[in-house]
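Inspection log for the structure reproduced underneath, given as structure tokens.
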There are 2 protein chains.
Amino acid sequence: MKFNSKTRYGLRTMLELSLRENMGGGILQKEIAENQDVSVKYLDQIIASLKAAGLIVNAGGKKSGYRLNRPSGDITIYDVYLAFEGDLSIIDCLSPGKECPREQNCVLRMFWSNLNIIIRSRMEAVNLSMLAEDYRRVGDTLKLE
Amino acid sequence: MKFNSKTRYGLRTMLELSLRENMGGGILQKEIAENQDVSVKYLDQIIASLKAAGLIVNAGGKKSGYRLNRPSGDITIYDVYLAFEGDLSIIDCLSPGKECPREQNCVLRMFWSNLNIIIRSRMEAVNLSMLAEDYRRVGDTLKLE
DNA sequence: CACTTTTCCTACTATTTTAATAGGATAAAT
DNA sequence: ATTTATCCTATTAAAATAGTAGGAAAAGTG
């Protein structure tokens, strides 16, 4: 029962971009990779997913770095999660396309489904703008995580 | 981001035992295995974990089957989860003994920690007695899940 | 223009986790 | 005496995870 490292690194990346929102220009992969102590190559894949999900774009040309594609207040943690996972289903029979004939009267499925909604709701309730604000308030001056 | 099958089977097993609470006697591994379409051998391991966690005991002698060791109202879903997992930490740095020097000002850790608490709280809020009641109300007459 | 750097894109791999199976010892009931 | 249920450990096949590697394409730099 763990979130994977791509989601974690992806979120830290998105937080970095949020902190530089509206400051003009972008941040280079290299710079992000250094801040997070992760190889440029691995971050490469993470950036690719964030881009494919439409969450970030190149700031200018190709060597201009990245910036958010939407205001940080419009990007939730769940949005970032979906860039890496497709969907959130804490057990298989909750996955789209895996309907179970017993889903109407399986009390355990009901519990899991309910928990699934609670988790998703929480992830949808927090956006990058809120994280950036917390970051400044808490005085987090170190490199990310 | 999935719960594993042992926790799922374990919960179904516990629900079966709850449905027969106070009816005298116990249920045999074999019977549970048949109801859940899982091999007796695999269920063996699941039963062993539930026993080791002190959640179930032999009803009488060795061939008398199993029963709950506490009233179903005193056993939460989180208790059953712990029989298989040790602890609930949705990311590594939340695990006991994995303290991070930045834990006071890492805003992402704060988010994960908060979500972790929400998940655990929900699992602690539901007990087997509640599941059994739901089961009867919903009219779940089929074999489990 | 030659060179370097950054991005882009795909394949591969090593490790760990997961979901089981298998084998057999022990104990109890028939 | 035999069967059957429990108990206990080891093994395994498959999937997921975390990360490396290789190199093409594009863009900026001297």
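Within every chain, numbering begins at 1; the chains are lettered A, B, ... in the order of the sequence lines, protein sequences first and strands thereafter.
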Between the protein and nucleotides 18-23 of chain D, which nitrogen or oxygen pairs come in under 3.5 angstrom?
{"from": "D/dA18", "atom 1": "OP1", "to": "A/Ser5", "atom 2": "N", "distance (Å)": "3.4"}
{"from": "D/dA18", "atom 1": "OP2", "to": "A/Ser5", "atom 2": "N", "distance (Å)": "3.1"}
{"from": "D/dA18", "atom 1": "OP2", "to": "A/Ser5", "atom 2": "OG", "distance (Å)": "3.4"}
{"from": "D/dT20", "atom 1": "OP2", "to": "A/Ser39", "atom 2": "OG", "distance (Å)": "3.0"}
{"from": "D/dT20", "atom 1": "O4", "to": "A/Gln45", "atom 2": "NE2", "distance (Å)": "2.3"}
{"from": "D/dG22", "atom 1": "N7", "to": "A/Lys41", "atom 2": "NZ", "distance (Å)": "3.2"}
{"from": "D/dG22", "atom 1": "O6", "to": "A/Lys41", "atom 2": "NZ", "distance (Å)": "2.3"}
{"from": "D/dG23", "atom 1": "O6", "to": "A/Lys41", "atom 2": "NZ", "distance (Å)": "2.4"}

Might you list the N or O atoms of the protein lying below 3.5 Å from N or O atoms in nucleotides 26-30 of chain D, with each pair's distance?
{"from": "D/dA26", "atom 1": "O4'", "to": "A/Lys62", "atom 2": "NZ", "distance (Å)": "3.3"}

Polar atom pairs (N or O), protein with nucleotides 15-17 of chain C, under 3.5 Å:
none

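Smallest separation of non-hydrogen atoms from B/Ala83 and B/Leu50: CB-CD2, 4.1 Å.
Nucleotide C/dA19 holds its P atom 12 Å from the CZ atom of B/Arg12, rounded to whole Å. Following rounding to the nearest Å, B/Leu50 (CG) and D/dT6 (P) show an atom-to-atom distance of 13 Å. One interatomic measurement links the two molecules: CG of A/Leu43 to P of C/dC8, which rounds to 12 Å at whole-angstrom precision. Rounded to an integer number of Å, the gap from CE of B/Met1 to C1' of D/dA16 is 15 Å. Between the P atom of D/dT4 and the CG atom of B/Leu28 lies a distance of 13 Å, rounded to the nearest Å. One atom, CD1 of A/Ile27, and another, P of C/dT6, lie 15 Å apart when rounded to the nearest Å. Between the CD1 atom of A/Ile91 and the P atom of C/dT18 there is a distance of 16 Å, rounded to whole Å. At whole-Å resolution of the value, NZ in A/Lys51 and P in C/dT7 are 9 Å apart.
Using a cut-off of 4.0 Å between Lys/Arg side-chain N and Asp/Glu carboxylate O, A/Arg70 and A/Asp79 are scored as salt-bridged.
Between A/Asn58 and C/dT6, a side-chain N or O to OP1/OP2 separation shorter than 4.0 Å is absent.
In this structure, the side chain of A/Lys30 does not engage the main chain of A/Val40 through any donor-acceptor pair within 3.5 Å. In this structure, A/Arg109 contributes its side chain and A/Cys93 its backbone to a donor-acceptor pair below 3.5 Å.
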Return all side-chain donor-acceptor pairs below 3.5 angstrom for residues 42-49 of chain B, not counting sequence neighbours, or 'none' if the list is empty.
{"from": "B/Tyr42", "atom 1": "OH", "to": "B/Ser5", "atom 2": "OG", "distance (Å)": "3.1"}
{"from": "B/Asp44", "atom 1": "OD1", "to": "B/Gln29", "atom 2": "NE2", "distance (Å)": "3.1"}
{"from": "B/Gln45", "atom 1": "OE1", "to": "B/Lys6", "atom 2": "NZ", "distance (Å)": "3.0"}
{"from": "B/Ser49", "atom 1": "OG", "to": "B/Gln45", "atom 2": "O", "distance (Å)": "3.2"}

The test is side chain to side chain donor-acceptor pair (under 3.5 Å); show your working for A/Asn116 and A/Ser113 and say whether it passes.
CA-CA 5 Å; A/Asn116 205 83; A/Ser113 173; over 6 Å; no
Which is it for B/Arg122 and A/Asn114 under the side chain to side chain donor-acceptor pair (under 3.5 Å) test, yes or no, and what are the steps along the way?
CA-CA 9 Å; B/Arg122 178 67 194 158; A/Asn114 192 274; 3.2 Å; yes
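In this structure, B/Phe84 reaches neither bases nor backbone, as no heavy-atom distance under 4.0 Å exists between it and the strands shown. As judged by a 4.0 angstrom heavy-atom cut-off over every strand, B/Ile47 is placed among residues making no nucleic acid contact.
Exactly one of A/Tyr81, A/Tyr78, A/Tyr9 qualifies for a ring-ring contact (aromatic ring centres under 6.0 Å, His included) with A/Phe3. That residue is A/Tyr81.
B/Lys41 pairs by the side chain to side chain contact (heavy atoms under 4.5 Å, CB included) definition with B/Ser39, not counting sequence neighbours. Judged as a salt bridge (charged side-chain N to carboxylate O under 4.0 Å, His left out), and not counting sequence neighbours, A/Glu21 has no contacts.
Neither side chain, A/Asn69 nor A/Lys51, offers a donor N or O lying under 3.5 Å from an acceptor on the other.
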